Structure formats: structure tokens, C-alpha cells
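Working notes for the structure below.
Predicted model only: the values in this text are computed from it and were never measured.
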Amino acid sequence: MALVNHSTITEFLLLGLSTNPQVQTLLFVLFLNIYFLTILGNLMMLLMIWADSHLHTPMYFFLSQLSFLDLCLSSVTVPRMLRDLLLEIKTISVRSCLAQAFFVFITAGTEGFLLSVMAYDRYSAICHPLLYGQMMRKQLCVQLVSGSWGLGFLNALINILLATNLDFCESHIISHYSCEVPSLFPLSCSDISTNLIVLFCSTLLHGFGTFSPIISSYACIVSTILNISSTSGRSKAFSTCSSHLMAVIFFYGSGFLRYLMPTSGSLLELIFSVQYSVITPMLNPLIYSLKNKEVKAALKRTLEKYL
């Protein structure tokens, strides 16, 4: 994709999370450790799913895709943030800023679609266990993941292509630690009404298009679980989807609020961004490894095999 920009401004200044040198040092150590745990946890999840034949099922195929997306999402923002925390002046070119915004958009957007697909997988497993193999064929799983990437790419492309037509000729200061589409609008001296409408509509369509299937799937799941007579059966059924439910809460609770709320550079806005792009990618492998007996057993087998 060609990121063409005709602005008089050629670079932006990122304010980051803090201007205090001591606070920046503490934040550098904190986020370096978070990034290390994110890389380690998600790579371990990918290796474990690839190496253990017990995990060659649709659920873990989707989980491997989620781990890959979390690696990508975190790597789009955190390395540059770590670099900027060591610099006094945090500049980024307009082209690099648009590129970073594009990759944040596509990885976060694809993750939203993938979480919806994973909800359908849990619905199939719990509500139709006898038909599960037929409903979640390998070919369908690949198509669902490809569709998630395709829709995520299309959503990102539309918004970034519109952003490349903006002129940035006044303020060049971004009250953020990274480039995201909403953060660019206050800097433009062009008419941003079309950009705002498209971003708002695409975010709502994306949100309802991915969150509605999740709600519908879990409504059926809860109904099915309540109809199970044994307590142990209900507990086992719930445990198969509790990890995914937590991942959904963490991601949707911050990601879509970030893109729907007005851009102001407020502390709340920064917290939402850090939550969905930095913290959630670290937590997902922990959530799935701590709450899933199959993952724990596979992790033990993998460690015994490679260590």
C-alpha cells in the first residue's frame, strides 16, 4: 500500500506517557518486562500448539492465530515506545506514523473478528458436541481465519487511505505514545468530517459485527450449560469457554472504547490504549495457560521434550 502524504509537516512529536525522566526510566523497565513476557508467552503458546498433537484441534488452531496476532499487535507499538522512553525528543515521520496506525488498525481489527470466530467455535463444541467435527471442518477454520484477516485489512485500508489525504499544517504534537487514527484528526487543517464518519461507522459496524455473534453464542452456551443436570458437567462446560470470555472482556472493554471516545490525550484514553495494545497481548497466553487443563498438560509435555 502506498502511503502518500502532501502535508507541509513531515514529522510529528509524540508526547509519550510522561515527560518526567525518572518516570520514563521506570516505565521503560516496566514495559520492557511486559514486552518480554508477551513475546515469551505467545511464542511458547505457538510452539506448544505446533509441537503437541493433542492440541491439533480447531480451538487451539484459533488460539495459535490469537497468539500470533498478539505478537504482531504488541510489536507494532511497544519497541518504538521503549525507544522513545530513552529519548528526550520523540519524533516520528508522517509516513511512519501512518504506517504504524495502519498496522495497529489491522492487527487489532483482525483480533476482534478472530474472537468472534472463537466464540462460534465454543458454541459449536458445547451446544452441538456430536456435530462439532462436521461444523468446524479444517477447511472452514482456515476460511474463517482468512476472512478475519481480510476484513481487518479492508477496514484498516479504508481508514488509512482517507488519512493519507489529510493536510497537517498546524500542530504537530501527538498527545500519545503511538500513532493511531483518532490521534491524527486534531492535527489536521483539512476537513475531517468524512474521516470521522467513516471511522465511527466502521468501528460501530466492526463492533456490532463481531460482538453480536459473541453475545448470541454465549446466550446459547449459557442456556445449554444450565440444562446440564450434573454440577461437574456444568463446571467442565463452562471451563472450556471461560478463558475466551476473559479475553473478550479485556479486548472489547478497552479497544472499542478507545476508538469511539473523543480524542483528547487524556489519561483515560492512554490507559485504554495501553490496555488493548500492550497489556492484553501479555495476558492472553497467561489466561489460557492458567485456566485450561489441556494447555497445562501440553506445556508440561513441551517443556519435558525441549528442556
Side-chain angles (χ1 to χ4, degrees), residues 41-42 45-46 48-50 52-70 110-149 151-152 206-253 255-256 280-281 283-302:
N42 285 289
M45 192 69 73
L46 285 169
M48 181 175 59
I49 294 172
W50 172 78
D52 197 313
S53 59
H54 296 85
L55 302 184
H56 292 176
T57 64
M59 174 182 172
Y60 294 104
F61 171 69
F62 295 134
L63 181 55
S64 68
Q65 297 299 314
L66 181 64
S67 292
F68 177 71
L69 273 170
D70 283 337
T110 303
E111 185 158 331
F113 285 112
L114 184 63
L115 288 171
S116 182
V117 168
M118 293 173 75
Y120 175 71
D121 172 70
R122 292 299 82 209
Y123 157 77
S124 302
I126 294 173
C127 299
H128 304 283
L130 299 179
L131 299 175
Y132 180 67
Q134 182 179 352
M135 293 176 67
M136 301 304 297
R137 303 181 309 276
K138 183 177 181 180
Q139 182 181 4
L140 177 62
C141 293
V142 173
Q143 290 173 346
L144 288 172
V145 170
S146 300
S148 297
W149 276 100
L151 290 170
H206 193 153
F208 284 115
T210 57
F211 198 59
S212 296
I214 293 175
I215 295 296
S216 300
S217 297
Y218 274 102
C220 296
I221 288 171
V222 170
S223 177
T224 301
I225 290 176
L226 292 177
N227 288 327
I228 297 176
S229 56
S230 66
T231 304
S232 60
R234 287 196 298 268
S235 177
K236 183 179 180 181
F238 180 74
S239 66
T240 63
C241 58
S242 59
S243 298
H244 173 260
L245 189 58
M246 290 183 66
V248 167
I249 291 171
F250 278 120
F251 181 80
Y252 280 88
F256 284 101
T280 298
L283 290 179
N284 280 342
L286 291 175
I287 291 170
Y288 276 95
S289 60
L290 292 176
K291 294 186 68 63
N292 192 304
K293 292 181 180 179
E294 289 182 339
V295 172
K296 289 180 183 178
L299 179 60
K300 183 179 179 180
R301 289 192 294 266
T302 302

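Remark: side-chain polar atoms of His56 are not paired, donor with acceptor, to backbone N or O of Phe61 under 3.5 angstrom. A donor-acceptor contact shorter than 3.5 Å is absent between the side chain of Ser223 and the backbone of Ala219.
Pairing each heavy atom of Pro213 with each of Ser116, the nearest pair is CB-OG, 3.4 Å. Annotation for Ser64 and Ile49: closest pair N-CD1, 3.7 Å, computed over non-hydrogen atoms. Shown here for Leu66 and Leu114, the closest heavy-atom pair between the two residues is N-CD2, 3.4 Å. Residue Val117 comes nearest to Ser148 through the heavy atom pair CG2-OG, 3.8 Å, listed as atom of the first residue, atom of the second, then distance. Here the closest heavy-atom approach between residue Ser67 and residue Asn42 is recorded as CA-OD1, 3.3 Å.
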Check your understanding: side chain to side chain contact (heavy atoms under 4.5 Å, CB included) between Met59 and Arg122: does it pass, once the steps are laid out?
Key -> CA-CA 8 Å; Met59 174 182 172; Arg122 292 299 82 209; 3.5 Å; yes

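Here Phe211 and His206 keep their ring centres 6.0 angstrom or further from each other. The aromatic ring centroids of Phe62 and His244 lie 6.0 Å or more from each other.
In this structure, the separation between CD1 on Ile225 and CD1 on Ile126 is 5.0 Å, given to the nearest 0.5 Å. Note that CG of Leu283 is 5.5 Å distant from CZ of Phe250, once rounded to the nearest 0.5 Å. Annotation: the span from Tyr60 atom OH to Leu46 atom CG amounts to 14.5 Å, rounded to 0.5 Å. Note that the CG atom of Leu63 and the CE atom of Met48 stand 7.5 Å from one another [nearest 0.5 Å].
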Can you give the donor-acceptor pairs under 3.5 Å from side chains of residues 132-146 to other protein atoms, not counting sequence neighbours?
| unit_1 | atom_1 | unit_2 | atom_2 | d |
| --- | --- | --- | --- | --- |
| Tyr132 | OH | Asp121 | OD1 | 2.5 |
| Arg137 | NH1 | Gln134 | O | 3.2 |
| Ser146 | OG | Val142 | O | 2.9 |

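For the pair Tyr123 and Cys241, the minimum side-chain heavy-atom distance is 4.5 Å or more. At least one side-chain heavy atom of Ile221 sits under 4.5 Å from a side-chain heavy atom of Cys127. A heavy-atom distance below 4.5 Å is found between the side chains of Gln65 and Trp149.
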